[in-house]
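The structure appears right after this line, and notes come after that.
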Amino acid sequence: MKVKFITLGCKTNFYESQALGEMFKANGYTVVEKGMADVYIVNTCAVTSMGAQKSRQQIHRIKKQNPDAIVAVMGCYAQTEPEKLQNSPDVDVLVGTANRSKIVELVNNATKGRQTVLHTDIMKERSYEELCVTSDQSRIRATVKIEDGCSNFCAYCIIPYARGPVRSRAIEKIIEEVTLLASNNYAEIVLTGIHIGSYGRDLKNGIGLIDVIEQVCTVPGIMRVRLGSIEPVVITEDFVKRAQKLKNLCPQFHLSLQSGCNETLARMKRRYTTEEYMKAVKLLRENLEDVSVTTDVMVGFPGETDEEFQKSYDFCKAVGFMQMHIFKYSPRKGTVAATMPDQVPEQVKEDRSKKLIELGEKMKQEFYESFRGRCVEVLAETRTKDGRFHATLANYMDVYIESDEDISGKIVQYTVE
Ligand code: SF4
């Protein structure tokens, strides 16, 4: 039996698809990336209304093109809107963001003609569902999931309803997985999850994110450790003091901003101010070398006036990001913001988005310029079509280097052009 994964959304979803792929392989299935399959697993996304729409379209398209195949749907959209999928002829197996480790069994049942729904209340989940990845396609960089869920309930966000409360993975399991990946020659580990800054909050044993980072950094063979998205409140004096000692911790910090205006942040129910954000950035830059700060910014949150947007724009400029991901706010049913007054017209969101994208491009160029002529260490990744190697600095700058040898997966010296 051939199984094919269609994954939408974030790194966590891709990690989970990868882990389930390994589980299918262990049960005699062949995981295919191209061509037809007997089983399709659609790992859905719900973070924006676009993510939900794309998930619906994919499910429908797959069943239409493969009427005899088993279509199993999982992930955030499946968790938040099961009523749209439960009785659909397009869906043979439905799970949400729990019980994914039972998916092989559910698919096997479906091959016997039984539609299977195993959709539970994610808000009641209290333990981390153990899934494990031992290798992935890139062979250079592996994602390791360290926690699931978020208990923050930002006003615009559906994720706490899709993923449930914070559940941290046992540190021993994380280290076991990283050790396995190191023995499979992975050079870089990216620690990911839904809200990794909350790691340990549920464990109540005093272990937090920095403890996990320290232990992962000491696994023999791991050349680099990178963090997924965190919030500025994670960056404390203690954090940077301990991070300073970790030579293989990448100095790239994706500090989620969402808005550079305090009034908007308060309406969003974010738990920091712009002053606290800037303090975190300064702490990083003053204590670690060649730090790059990347972020997400949302435009058009309900009530965002021109003046508020301008504050947000000016703040982004003052921080000097290496990279910004710009999102247009989209109402998600069931969230506080969906019913807020003063929803911003689409055209205004579009214009604000364009302005920030332009600013982001300019800041990125300036950041890259500041490295010109410097000799730095880069991790060579894959060969591109023009014969060069795509490589990354520890701070995640991309460069392209010439080499006749296969240097993929190696750290080499490079003078930035
Ligand atoms: S911190 Fe806020 S934006 Fe991030 S996942 Fe949690 S609720 Fe959503």
Side-chain angles (χ1 to χ4, degrees), residues 8-16 43-52 75-81 96-98 122-123 125-126 128-129 143 145-169 190-202 208-209 227-235 253-274 276-277 280 293-304 312 324-340:
L8 295 106
C10 62
K11 277 201 179 92
T12 303
N13 263 12
F14 279 87
Y15 171 90
E16 288 163 351
N43 196 355
T44 59
C45 172
V47 71
T48 58
S49 51
M50 183 65 87
C76 294
Y77 173 64
Q79 183 65 46
T80 49
E81 300 194 43
T97 54
I122 198 70
M123 302 315 275
E125 288 294 326
R126 289 294 175 269
Y128 181 88
E129 184 179 23
T143 300
K145 188 177 157 193
I146 64 166
E147 73 78 51
D148 207 338
C150 176
S151 307
N152 274 12
F153 293 93
C154 297
Y156 53 84
C157 187
I158 193 77
I159 295 303
Y161 308 96
R163 289 279 178 171
V166 172
R167 282 107 64 212
S168 305
R169 189 177 188 186
V190 183
L191 301 181
T192 194
I194 298 299
H195 196 247
I196 60 171
S198 292
Y199 182 90
R201 200 197 269 194
D202 54 320
L209 178 62
L227 301 185
S229 176
I230 52 174
E231 283 169 4
V233 289
V234 171
I235 310 300
F253 295 89
H254 189 87
L255 296 185
S256 178
L257 174 66
Q258 305 306 344
S259 171
C261 163
N262 281 338
E263 292 78 11
T264 317
L265 283 175
R267 284 201 308 284
M268 287 177 166
K269 299 204 186 306
R270 300 289 287 174
R271 298 169 184 214
Y272 51 85
T273 60
T274 53
E276 285 163 337
Y277 191 99
V293 183
T294 56
T295 200
D296 299 310
V297 183
M298 181 184 286
V299 292
F301 185 75
E304 187 188 59
S312 193
M324 295 199 291
H325 291 124
I326 312 301
F327 293 93
K328 285 178 269 183
Y329 166 76
S330 65
R332 305 301 291 121
K333 201 174 142 212
T335 61
V336 175
T339 54
M340 280 182 174

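These values consider heavy atoms only, across backbone and side chains, with no hydrogens, waters or symmetry-generated copies. First listed ligand is number 1; within each ligand, the first listed atom is number 1.
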Looking at F153, which atoms of ligand 1 are within less than 4.0 Å of one of its heavy atoms? 7 (S)
In sequence, state the C-alpha distance, the side-chain angles, and the governing distance for N262 and T273, and then conclude on side-chain hydrogen bond (donor to acceptor under 3.5 Å, both in side chains). CA-CA 6 Å; N262 281 338; T273 60; 4.7 Å; no
Among R270, Q258, K269, which residue places a heavy atom closest to atom 4 (Fe) of ligand 1? R270
If the plane angle is over 60° it's perpendicular, under 30° parallel, otherwise tilted; pick one for Y161 and F153. perpendicular
Protein contact to atom 3 (S) of ligand 1 [nearest heavy atom, distance to 0.1 Å]: Y156 OH, 3.3 Å
Give, for atom SG of C154 and atom CE of M298, the distance between the pair rounded to the nearest 0.5 Å. 8.5 Å
Applying a 4.0 Å heavy-atom criterion (strictly less than), which segment of S256 is in contact with ligand 1: side chain, backbone, both, or neither? neither
Y156/R267 under side-chain hydrogen bond (donor to acceptor under 3.5 Å, both in side chains): CA gap, chis, key distance, verdict: CA-CA 9 Å; Y156 53 84; R267 284 201 308 284; over 6 Å; no
Ion pair check, E129 and R167, cut-off under 4.0 Å: no
May I ask whether E231 has any heavy atom positioned less than 4.0 angstrom from an atom of ligand 1? yes
So between C154, G149, G193, whose heavy atom ends up nearest atom 7 (S) of ligand 1? C154
Return the residue, atom name and 0.1 Å-rounded distance of the protein heavy atom closest to atom 8 (Fe) of ligand 1. C157 SG, 2.3 Å
What atoms in ligand 1 come closer than 4.0 Å to a heavy atom of P160? 7 (S)
Please walk me through it: do H195 and E231 pass side chain to side chain contact (heavy atoms under 4.5 Å, CB included)? CA-CA 9 Å; H195 196 247; E231 283 169 4; 3.3 Å; yes
Proximal atoms of ligand 1 relative to H195 (non-hydrogen, under 4.0 Å): 1 (S)
Report yes if the side chains of N152 and I159 come closer than 4.5 Å at any heavy-atom pair, otherwise no. no
Let me check your reading of the structure: within less than 2.8 Å of atom 6 (Fe) of ligand 1, is there an N/O/S atom from C150? yes
